[in-house]
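Chain naming here is simple, since letters A, B, ... match the order of the sequence lines and numbering starts at 1 in each. A quick note: this is a predicted structure, and the numbers were derived from the prediction, not measured.
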There are 2 protein chains.
Amino acid sequence: MKKISLKDIAEQLEVSKTTVSFVLNGKAKENHISESLTQKILKYVEEVGYVPNQLARGLRTGETKVIGVLVEDISDPFFSSIARRIEEEANSKGYKIVYCSTENNADKTKELLEVYKSRQVDGFIIAPPPGIEKEIQALQKSNLPVVLFDRYFPEVATDTVVVENQRSSYNATNHLLHNGYKQIAFITLASEQVQMQDRLQGYKEAMEEQHLAHYIQKIPFDLKPKKITKEIQAFLEQHPNIDAVFFATNYLADSGLEAIQNLGLEMPADIGVVVFDDEKLFRLFRPPITAIAQPIKEIAKSIVSLLLDKLTGAAKKNDYKKVELSTTLYERASSVPVLAASR
Amino acid sequence: MKKISLKDIAEQLEVSKTTVSFVLNGKAKENHISESLTQKILKYVEEVGYVPNQLARGLRTGETKVIGVLVEDISDPFFSSIARRIEEEANSKGYKIVYCSTENNADKTKELLEVYKSRQVDGFIIAPPPGIEKEIQALQKSNLPVVLFDRYFPEVATDTVVVENQRSSYNATNHLLHNGYKQIAFITLASEQVQMQDRLQGYKEAMEEQHLAHYIQKIPFDLKPKKITKEIQAFLEQHPNIDAVFFATNYLADSGLEAIQNLGLEMPADIGVVVFDDEKLFRLFRPPITAIAQPIKEIAKSIVSLLLDKLTGAAKKNDYKKVELSTTLYERASSVPVLAASR
DNA sequence: TAAGTATACTAAATCGATTTAGCAAGCATT
DNA sequence: AATGCTTGCTAAATCGATTTAGTATACTTA
């Protein structure tokens, strides 16, 4: 059962490849192919179940209908759920996805970009690691649309989708403050990336408004979960006066919660907890974990819509948009002491 | 900055495309290209940063070095972590991944297979939904290697990677029995898929050995989490004598744990809990949730290794292997009542 | 010295589509 | 009767690689 090609069809029906191609691309009318021949071709194509070779088509047209998606780690629940939605959105518009994990590593990312370019993807969706500013600009110069998400490069004009990191973080910190916590630690990544900086800023702003001291721990990027747990545990031991912790991203919380358990601290009485990023099980935890939920579906929708605007030409090449979506703070028991009201 | 092609290089250096191609493919020696010319070409190629167009190459050679991965849902932690590892393994062997979510829907899957075939992927990795037996066979007939995982079709010979579902389930049920639970419910999907059937079998076997009655609830496949919670809650209310629950897959547990909370039942005293599939936070739950962990990394390795054996010709075309990996039961507090020892 | 064989390289076919340019027949118009 | 416009269709170029089947020269060897 060899694959059947345009040529085969043309030969079988004793017409030219051109004619078949016109018919299949809906250009029969404008090229004066008779209705009867058009039908005959369509019928035959249907019968033999012909599917065009997309490599050949892509080679000729330069369009592959494939979008490259680069995320930090596809096994991270935030990224995998975004990926799922992007897939859904893109599929519905006739695009396919190829994805990979950057591990937040610039060199790996650069390689991946090369690979994808050589595969002629039509556009890119990227949660960029630091250090690929130039590559992003190069892509845009060579007319390959790019949408960044989760973070971006302030100095590079791009289409971008992020959440209101600073404001969300500010609000969450205030939530802790309103519930009586004062010695609030902010546990984040040792990263200059804009989303982490914004989250940090929000925390600082809220603390400074109350003239409270900061407790900031920066965890190196590539530590294993166990090591992260150790680090956080050590930090909390060094600062026994800390009465609340704000985890700046999901997987720090996963390790941090373990550290808290190891130390025998009780939420929310001994320690209040808020996490940036919601996880499915946070709601069921005991106590349930207060979390900032990012609007996954909206993020994905905005990303794909920005990219498609560029791909279809609906948006001008040098006209970049930054979409900033708001988050939802789910106030759960981990940050709401029973006595809060009376404090 | 237009893209540079083989032809451009050939013209610049005043040699033929053939020569350049030979050099780039490491076939200089065997085609008697002089060392000096070889070096000159390599140097120039490096200089201009030429990267071959993979579409053209794929069209000509029929090899794209791309593997299609179809999972049920990329946002499911089990599948996303498998995907991550597959990506890692495949990348290290020079292959790229294109993936998508089947939603366990046969029609969607069939479409996706067509799309991927038209993009000339070299092979497939599939967690198959029911009803695509014929398509799998067709792929194999047209010489496209396929590896199934998580489940398979007993009547179709394929390379397959699964875990010891029945035995794992049997052991986990026995674990509950040894800890004094007797009215054990098995909450599973209304699915004929082999992995679910095997898990059910393992449960039944253990229960029957003790001459105990079954409590089996089958949840329809496409329910939303909230609906699943309701269903499970209703089931537990109807059978108040149930003293333990075995969830046959991860997302049933996510909903089931909520049902248990809603009913005010305490683990492990009121109800013992075991889950097929471990999740990151199960260890940190209160009480920690006993779970059967699948060996993600090994599964991914086996999958890729089976597929590569077929792709490289190391394994014969009609020589199919079934790899069955063992799981680990993490016995945590959700299924180990404090009094268990004395019962 | 003729035949054989390395050496160094290339022309052209090929993969499977799309697309440009154009042919041929029929009809209307002047 | 010559010109122009439709209509209906096709030949051939093209995208950018790989690969087959050469060619031309130089060097052995009998």
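- Between A/L55 atom CG and C/dG16 atom P the separation is 10 Å, expressed in whole Å.
- Remark: B/E88 engages B/R84 in a salt bridge, criterion side-chain N to carboxylate O under 4.0 Å.
- No side-chain heavy atom of A/K110 sits less than 4.5 Å from a side-chain heavy atom of A/K134.
- Sequence neighbours left out, the pairs with a member in residues 121-133 of chain A that pass side-chain hydrogen bond (donor to acceptor under 3.5 Å, both in side chains) are A/T64-A/D122.
- Between B/K301 and B/E298 there is no salt bridge, since no side-chain N of the basic residue sits under 4.0 Å from a carboxylate O of the acidic one.
- B/L6 has its CG atom 13 Å from the P atom of C/dT10, to the nearest Å.
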If a protein heavy atom is under 4.0 Å from the base, mark B; if only from the sugar-phosphate, S; if neither, -; do that for nucleotides 3-8 of chain C going 5' to 3'. ----BB

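- The side-chain hydrogen bond (donor to acceptor under 3.5 Å, both in side chains) test with B/D159 is passed by exactly one of B/K321, B/K310, B/K322: B/K310.
- Near-neighbour residues of DNA chain C inside residues 7-30 of chain A, defined by a heavy atom below 4.0 Å, number-ordered: A/K17, A/T18, A/S21, A/F22, A/N25, A/K27.
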Please produce a list of atom pairs where a protein N or O lies less than 3.5 Å from an N or O of nucleotides 25-29 of chain C.
none

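- Among all heavy-atom pairs drawn from A/K17 and A/L6, the shortest one is O-CD1, 4.0 Å.
- Between A/Y50 and C/dG16 there is no side-chain N or O to OP1 or OP2 distance below 4.0 Å.
- Without hydrogens or angle criteria, A/K93 side chain to A/S305 main chain gives no donor-acceptor distance under 3.5 Å.
- For the segment residues 56-66 of chain A, residues with any heavy atom less than 4.0 angstrom from an atom of DNA chain D are, sorted by number, A/L59, A/R60.
- None of B/L112, B/T109, B/I74, B/V71 except one satisfies the side-chain contact (heavy atoms from CB on, under 4.5 Å) rule with B/C100; the exception is B/L112.
- Closest approach of A/Y99 and A/Y116 over heavy atoms only: O-OH, 3.0 Å.
- Judged by distance alone, with hydrogens and angles left aside, the side-chain atoms of B/D76 form a donor-acceptor pair with the main-chain N or O of B/F78 at under 3.5 Å.
- Terminal axes of the helix from C/dT1-D/dA30 to C/dT30-D/dA1 (five pairs each, C1' rotation axis) are separated by 70°, to the nearest 10°.
- Classification of the B/F79-B/F149 ring pair by plane angle, with boundaries at 30° and 60°, yields perpendicular.
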